[in-house]
There are 2 protein chains.
Amino acid sequence: MASLSDISRHAGVSIATCSRVLNGSAHPVSEATRSRVLKAAEELGYAPSALARALVTRSSRIIGVIVGDIVDPYFAEIARGVEAVAAELGYLTMVCSAELGSEAELGHLRQLRDYHAAGIVFAGSGRAGDPVAAELAVAVADARTRGAVVVALAQRDFEAPTILFDNEAAAHDITTYVRGLGHERITFVEGPAGLHTSAQRLAGFTRAGGTDAIAGGFAYEDGVRAAEALLARDTLPDAVVAANDEAAIGLLVRLRDAGVDVPGQVAVTGIDDTRPAHFVGLTTVTVPLHEMGRRAAQAVLEQHAEDVVLPHALRVRSTT
Amino acid sequence: MASLSDISRHAGVSIATCSRVLNGSAHPVSEATRSRVLKAAEELGYAPSALARALVTRSSRIIGVIVGDIVDPYFAEIARGVEAVAAELGYLTMVCSAELGSEAELGHLRQLRDYHAAGIVFAGSGRAGDPVAAELAVAVADARTRGAVVVALAQRDFEAPTILFDNEAAAHDITTYVRGLGHERITFVEGPAGLHTSAQRLAGFTRAGGTDAIAGGFAYEDGVRAAEALLARDTLPDAVVAANDEAAIGLLVRLRDAGVDVPGQVAVTGIDDTRPAHFVGLTTVTVPLHEMGRRAAQAVLEQHAEDVVLPHALRVRSTT
DNA sequence: TTGTAAGCGTTATCAG
DNA sequence: CTGATAACGCTTACAA
């Protein structure tokens with residue numbers, strides 16, 4: 001691949017001048033030499049080395065989005081929001097999936113730091129008692145030293161501006177709605193143990209007067225398991241509020257498989273309003289995932305972020 | 001952030017030696033100086049500049065996966081496969097979503113090339129008559145010049161080893177299955193116009209004896225629209241084979257909303273066997289998405305790929 | 001308006 | 001076993 005010095009030689013112009021015309025510098029260059037350089041670049045098929053450029057400017061045009069699980073539509077929606085605004089400005093957004101937990105998150109964070117990413121957005125929540133929390137905090141600080149702006153889209157255990165919605169209120173609102181329907185015995189299927197988000201959603205359920213909570217998770221399979229636990233009881237609850245849509249759907253499918261009438265016999269709800277919720281007609285609460293992604297990207301482009309809490313809203317469909 | 005020269009000064013050792021101990025070089029270094037360097041690195045919080053390293057070694061540890069749409073579970077599954085094997089070897093996999101079509105794809109490809117990506121995986125299919133096809137081919141060639149290994153997971157219009165499954169056969173098999181059920185009037189909902197994958201699936205339907213095909217797409221909404229087109233006809237077909245799961249689900253939901261009994265009145269099937277298909281009990285054909293991702297990653301790690309066609313299989317559920 | 005040259009942080013080649 | 005030093009490809013004062 002042709003480099004600046006190739007162009008320079010070919011066009012009979014200094015490297016500096018080539019650099020100036022080839023990267024839209026404000027520095028004046030005569031039309032004559034400009035076109036000569038352009039022509040040489042064209043002929044030789046010049047492509048800049050983003051690596052070299054980033055090395056000297058001390059910042060690349062990469063925005064990293066660290067998500068909990070790339071197949072989870074919750075994260076996909078966020079990533080899409082980031083991408084939408086980043087692409088306009090020519091930034092490359094790379095989504096990194098940390099399926100293996102905090103360790104993987106730390107690994108990705110370090111890589112992003114090492115590549116001088118312009119921005120790093122943490123899409124998922126932090127974990128209580130996270131063994132690598134301290135290391136994460138250090139790496140975040142280092143990334144900042146290198147000019148990265150880091151933003152969190154859920155509660156984390158390091159210093160960072162946050163763009164979020166109120167998980168506790170979301171859970172509270174939907175629980176209240178379900179109670180308002182006249183359901184007395186309501187079971188809550190918890191999120192993954194340890195996640196701050198899980199704790200917040202459980203707290204919302206509790207504050208709304210809920211008392212019966214069982215273990216769960218954020219995956220479809222977790223919902224299936226929760227359904228089985230419920231099916232094993234003497235009597236089914238009137239309603240079950242799952243900590244998120246995926247689990248709610250697993251629960252819903254398993255319950256119906258077992259011949260349970262939803263919503264006739266048991267009402268089922270989720271939180272997040274991801275695409276699959278739409279597919280199955282799940283009652284849930286809409287949260288501004290795409291908008292969070294957009295704002296996160298804007299924050300890194302503007303190199304400055306402010307804490308915000310975005311609104312959520314009940315979305316009633318056919319499972320209640 | 002501390003750099004090699006900082007460590008060098010702090011430890012009273014040459015930069016070269018520091019480099020040797022800090023990057024696991026085979027070059028011998030005495031235990032004494034090694035530990036001195038390590039200590040200095042520890043104290044100063046050294047983190048290597050992947051940028052500088054990649055610049056001199058002429059290759060970064062980045063694998064880019066260019067997908068059609070990050071919220072599409074088809075691509076998410078592939079990305080996950082890539083990530084799974086890449087992570088083990090310390091490679092960073094970045095998934096780039098080309099929601100805006102070929103142009104966006106080209107943009108991402110160039111970025112990846114400019115960052116000297118070690119590998120570039122094209123997850124989606126090429127388009128007939130693509131206006132940027134030539135530019136894509138050039139950029140692919142350039143990326144190769146810079147040492148990248150590029151792999152395609154669907155038919156493309158440039159030279160590249162492919163890891164795929166047989167789209168034509170998949171569509172043929174499910175159509176044949178549906179006919180075997182006794183359905184006579186079968187409608188096929190096509191994929192997005194222009195995509196090679198769409199053409200292949202349509203060809204499979206046709207080869208299996210299907211004749212009635214209507215416009216569609218790969219998104220949920222496309223399925224909804226197709227359902228409405230069908231609903232507007234005098235009589236509904238006995239079965240509809242959609243070009244993929246997303247569209248099949250949109251179709252299914254819309255049909256049921258309209259009071260149509262599926263599978264009683266109309267049978268519905270998809271292709272891909274993505275997660276949502278599981279949720280709604282869709283009859284479809286399983287394709288090795290995750291495995292394709294894994295193999296693509298292996299190919300870039302081994303710097304060499306061979307063409308393969310992986311098997312698919314019918315997955316019968318409750319919509320037929 | 002153009003060119004020279006000093007880095008950016010590493011790795012790698014050669015000598016000691 | 002250790003250390004200079006030349007790249008890698010680019011940007012950017014500073015000169016001319």
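Sequence lines set the chain letters: A, B, ... in the order given, protein chains first and strands last, and positions in each chain run from 1.
Between B:Asn23 and C:dT11, a side-chain N or O to OP1/OP2 separation shorter than 4.0 Å is present. In terms of phosphate contacts, A:Arg58 brings no side-chain nitrogen or oxygen within less than 4.0 Å of OP1 or OP2 of D:dT11. When the side-chain nitrogen and oxygen atoms of B:Arg53 are compared with OP1 and OP2 of C:dT11, one or more of them lie within a distance under 4.0 Å. Taking only side-chain nitrogens and oxygens, A:Ser5 never comes nearer than 4.0 Å to OP1 or OP2 of D:dG9. Using a 4.0 Å cut-off, no side-chain N or O of B:Ser19 falls inside it from OP1 or OP2 of C:dA12.
Side-chain proximity of B:Thr17 to C:dT2, D:dC10, D:dG3: nearest is D:dG3. Checking D:dC10, D:dG3, D:dT2 against every side-chain atom of B:His27, the shortest atom distance belongs to D:dT2. The side chain of B:Ser3 lies closest to C:dT10 when the candidates are C:dA12, C:dT10, D:dT2. Residue B:Val29 has its side chain nearest to D:dT2 when only D:dT2, D:dT11, C:dT10 are considered. For A:Ser14, the side-chain atoms get nearest to C:dT4 when compared with the rest of C:dT4, D:dT5, C:dT11.
In terms of modelled atom types and a separation under 3.5 Å, the side chain of B:Arg20 and the main chain of B:His27 share no donor-acceptor contact. A donor-acceptor pair under 3.5 Å links the side-chain atoms of A:Ser60 to the main chain of A:His116, judged by distance alone.
Look at B:Asp69 and A:Arg80 and you find a salt bridge, because one of the NZ, NE, NH1 or NH2 atoms lies within 4.0 Å of a carboxylate O, short of that distance.
In this structure, the side chains of A:Phe122 and A:Glu105 come closer than 4.5 Å at one or more pairs of heavy atoms.
Residue-level contact check: B:Thr33 touches the backbone only, with heavy atoms under 4.0 Å from sugar-phosphate atoms and none from bases.
In terms of position on DNA chain D, the residue among B:Arg20 and B:His116 whose nearest nucleotide sits closer to the 5' end is B:Arg20.
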